[in-house]
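See structure below.
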Amino acid sequence: MSKCKLVVFSDIHYLDERPEKVDFNLSRKLTQYSIEVINKLIDKINTDKPDISICLGDLIEDTFDHDKDIVNFTYIWGKLKNIQIPFYSVIGNHDLRTMNSRQELEKIMEYENATFSFDLKGYHFIILTTDIREDLGGNDGGIYKAQCMSQKEINWLKEDLVKNKLPCIIFTHFGLAEDRQIGNYWFEKKPEDGLMNNRQEVKEIIKLDDNVIAIFNGHQHWTKQIIEDGKSYYVVGSLTDNTDMLGIPDGIYLEIELEDRNIKIKEKHIKVDNI
């Protein structure tokens with residue numbers, strides 16, 4: 001089997017302009033560096049030319065303003081289209097927060113459906129995107145508005161894996177592996193908020209499939225590996241996370257090399273100039 005090389009990154013949190021008053025939560029996201037970081041990462045990807053690149057969601061930092069979020073999402077998606085290799089993205093909770101339906105963003109991305117699969121270089125890749133609870137408003141729903149996969153797409157996942165015979169990698173935004181997230185600024189007090197709400201049903205499907213060799217998620221703003229039920233779950237940090245509150249964006253991304261069922265991962269960081 002040939003090798004397959006990937007670049008995986010997450011949580012850009014693009015925001016066109018920061019508010020005059022920045023609360024502590026927003027101070028943890030250096031949105032003012034998002035374009036510089038993503039431009040440098042795109043240049044790196046286009047120079048190295050891996051086989052594929054994946055974003056794990058939260059392309060934008062939502063503003064509580066639907067129309068503005070549409071503009072910001074359209075802008076950053078246009079920027080990501082400059083990637084000159086096959087590129088795909090999960091949709092994150094901040095992307096969905098003010099949307100009336102997921103289809104609004106799927107239209108911008110030119111996706112028929114944001115949960116889908118494809119084969120490349122002898123591997124099967126699955127993008128799992130949660131859906132919107134339309135009974136929750138954007139400002140009221142928060143994380144919970146987009147924390148669950150639909151039953152229809154969970155059923156689709158089961159059928160897709162039954163058909164697949166290739167080594168498989170799954171990408172999500174919310175975490176699937178159990179994690180108390182001790183020491184995580186965002187989720188230590190509410191670890192459930194860092195995880196997909198109906199993950200147990202999803203994991204039962206994954207656990208029984210011998211072809212699934214790795215699962216990657218973003219959202220939690222740190223980078224780690226968790227082994228659960230014999231499966232490797234990888235959490236990928238945020239490109240714009242305020243590293244140790246030193247005013248330095250983490251710039252984290254992973255270079256991944258697949259060969260047969262073996263995975264080699266290198267953690268890399270984009271550095272911002274003049275910091």
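Computed from heavy atoms alone, side chains included, the values below leave out hydrogens, waters and symmetry copies.
- A salt bridge between D209 and K158 is absent, with no side-chain N of the basic residue lying under 4.0 Å from a carboxylate O of the acidic one.
- Closest heavy-atom contact between V212 and K231: O-NZ, 2.9 Å.
- The backbone N or O of G183 lies less than 3.5 Å from a partner atom in the side chain of E188, making a donor-acceptor pair.
- Closest of all the heavy-atom pairs between C55 and I12 is SG-CD1, 4.4 Å.
- I170 and V235 are not part of a single hydrophobic cluster, where members link through side-chain heavy atoms under 4.5 Å apart.
- Of the charged side-chain nitrogens involved, none lies within less than 4.0 Å of a carboxylate oxygen, so that D62 and K68 do not count as a salt-bridged pair.
- Following chains of ILVMFWY side-chain contacts shorter than 4.5 Å, one cannot reach I35 starting from L15, and the two form parts of different hydrophobic clusters.
- In this structure, the side chain of K3 does not engage the main chain of E259 through any donor-acceptor pair within 3.5 Å.
- Contact annotation: the side chain of Y185 approaches that of N25 to within less than 4.5 Å [non-hydrogen atoms, C-beta and beyond].
- Put simply, the side chain of W77 reaches to within 4.5 Å of the side chain of L80, judged on heavy atoms.
- The shortest non-hydrogen separation linking N164 to N211 is O-ND2, 3.3 Å.
- More than 12 non-hydrogen atoms from other residues, nucleotides or ligands lie less than 6.0 angstrom from CD of Q200.
- Using modelled atom types and a 3.5 Å distance limit, the side chains of D11 and H219 yield no donor-acceptor pair.
- From S232, atom OG reaches atom CD1 of I213 across 9.0 Å, with rounding to the nearest 0.5 Å.
- For the side chain to side chain donor-acceptor pair (under 3.5 Å) test, residues two or more places apart in sequence or in another chain that qualify with D69 are T63, T98.
- If you take CG on L59 and CD1 on I76, they are separated by 6.5 Å, rounding to the nearest 0.5 Å.
- Within the 4.5 Å cutoff, the side chain of C148 has no heavy atoms near those of the D131 side chain.
- Residues Y234 and L56 have side chains not in contact (no heavy-atom distance under 4.5 Å, counting atoms from C-beta outward).
- Between the CG atom of L6 and the CG atom of D51 there is a distance of 7.5 Å, given to the nearest 0.5 Å.
- Within the 3.5 Å criterion, the main-chain N or O of V90 finds no donor-acceptor partner in the side chain of T129.
- Residues E257 and I263 fail the side-chain proximity criterion, which asks for heavy atoms closer than 4.5 Å.
- Relative to the ring axis of W156, K163 does not place its NZ or CZ within 45° and under 6.0 Å from the centre.
- Under a hydrophobic clustering in which Ile, Leu, Val, Met, Phe, Trp and Tyr are joined whenever their side-chain heavy atoms come within less than 4.5 Å, directly or via other members, I270 and Y14 fall into the same cluster.
- Considering CG of D58 and OG of S10, their distance stands at 6.5 Å, rounded to 0.5 Å.
- I42 CD1 to I38 CD1: the interatomic distance, rounded to the nearest 0.5 Å, is 5.0 Å.
- When the shell of 6.0 Å around CG of D244 is examined, it contains 12 or fewer heavy atoms from other residues, nucleotides or ligands.
- More than 12 heavy atoms of other residues, nucleotides or ligands shown are found within 6.0 angstrom of NZ on K224.
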Which is it for Q147 and R133 under the side chain to side chain contact (heavy atoms under 4.5 Å, CB included) test, yes or no, and what are the steps along the way?
CA-CA 9 Å; Q147 199 180 8; R133 281 185 57 184; over 6 Å; no
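- Under the 3.5 Å distance criterion, the side-chain polar atoms of D229 are left unmatched by any main-chain donor or acceptor of K207.
- Using modelled atom types, one side-chain atom of N198 and one backbone atom of M149 make a donor-acceptor pair closer than 3.5 Å.
- The pair R199-E192 counts as a salt bridge, with a side-chain nitrogen and a carboxylate oxygen less than 4.0 angstrom apart.
- The environment of D48 atom CG is dense: over 12 non-hydrogen atoms of other residues, nucleotides or ligands sit within 6.0 angstrom.
- Checked against the 6.0 Å centroid criterion, the rings of H13 and H221 qualify as a close aromatic pair.
- Atom NZ of K121 is separated from atom CG of L166 by 14.0 Å, given to the nearest 0.5 angstrom.
- Proximity of L96 to R102: side-chain heavy atoms (C-beta onward) are separated by under 4.5 Å at one or more points.
- L195 and I227 are assigned to two separate hydrophobic clusters, defined by single-linkage of ILVMFWY side chains at heavy-atom distances under 4.5 Å.
- A donor-acceptor contact shorter than 3.5 Å is absent between the side chain of D95 and the backbone of F73.
- W222 and Y233 fall into different hydrophobic clusters, where Ile, Leu, Val, Met, Phe, Trp and Tyr residues are linked whenever their side-chain heavy atoms come under 4.5 Å apart, directly or through other members.
- In the model, H269 has a side-chain atom that pairs as donor or acceptor with a side-chain atom of D250 under 3.5 Å.
- Here Y88 and F116 bring their ring centres to under 6.0 angstrom of each other.
- Of the charged side-chain nitrogens involved, none lies within less than 4.0 Å of a carboxylate oxygen, so that K271 and E36 do not count as a salt-bridged pair.
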Given S101 and E106, is the side chain to side chain contact (heavy atoms under 4.5 Å, CB included) satisfied, shown in steps?
CA-CA 9 Å; S101 72; E106 289 170 336; over 6 Å; no
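- Salt bridge present: E228 and K203 bring a charged side-chain N and a carboxylate O closer than 4.0 Å.
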May I have the step-by-step check of side chain to side chain contact (heavy atoms under 4.5 Å, CB included) for F174 and N197, ending in yes or no?
CA-CA 9 Å; F174 285 94; N197 186 263; over 6 Å; no
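- Look at E255 and K5 and you find no salt bridge, because none of the NZ, NE, NH1 or NH2 atoms lies under 4.0 Å from a carboxylate O.
- Taking every heavy atom of both residues into account, L120 and I52 meet most closely at CD2-CB, 3.8 Å.
- Nearest heavy atoms, G251 versus V37: CA-CG1, 4.4 Å.
- Residues S117 and I126 come closest through the heavy atom pair CB-CG1, 3.9 Å.
- For the residue pair E153 / T115, a side-chain donor-acceptor distance below 3.5 Å is found, with atom types taken as modelled.
- For Q151 and N155, the side-chain atoms include at least one donor-acceptor pair closer than 3.5 Å.
- Within 6.0 Å of NZ in K40 there are more than 12 heavy atoms belonging to other residues, nucleotides or ligands.
- Aromatic pair F125/F216: centroids not less than 6.0 angstrom apart.
- In this structure a side-chain-to-backbone donor-acceptor pair under 3.5 Å is missing from D260 to N262.
- In this structure, the side chain of T240 does not engage the main chain of L30 through any donor-acceptor pair within 3.5 Å.
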Checking side chain to side chain contact (heavy atoms under 4.5 Å, CB included) for the pair E267/L254: CA distance, chi angles, key distance, verdict?
CA-CA 5 Å; E267 181 179 318; L254 301 183; 4.2 Å; yes
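- Remark: the backbone N or O of N46 is paired with a side-chain donor or acceptor of K49 at under 3.5 angstrom.
- Counting only heavy atoms from C-beta outward, the side chains of T31 and R18 approach each other to under 4.5 Å.
- Within the 4.5 Å cutoff, the side chain of Q220 has no heavy atoms near those of the W186 side chain.
- In this structure a side-chain-to-backbone donor-acceptor pair under 3.5 Å is missing from Y111 to Q103.
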If you apply the rule side-chain hydrogen bond (donor to acceptor under 3.5 Å, both in side chains), what do you find for H173 with N93, and how did you get there?
CA-CA 8 Å; H173 182 66; N93 59 291; 2.8 Å; yes
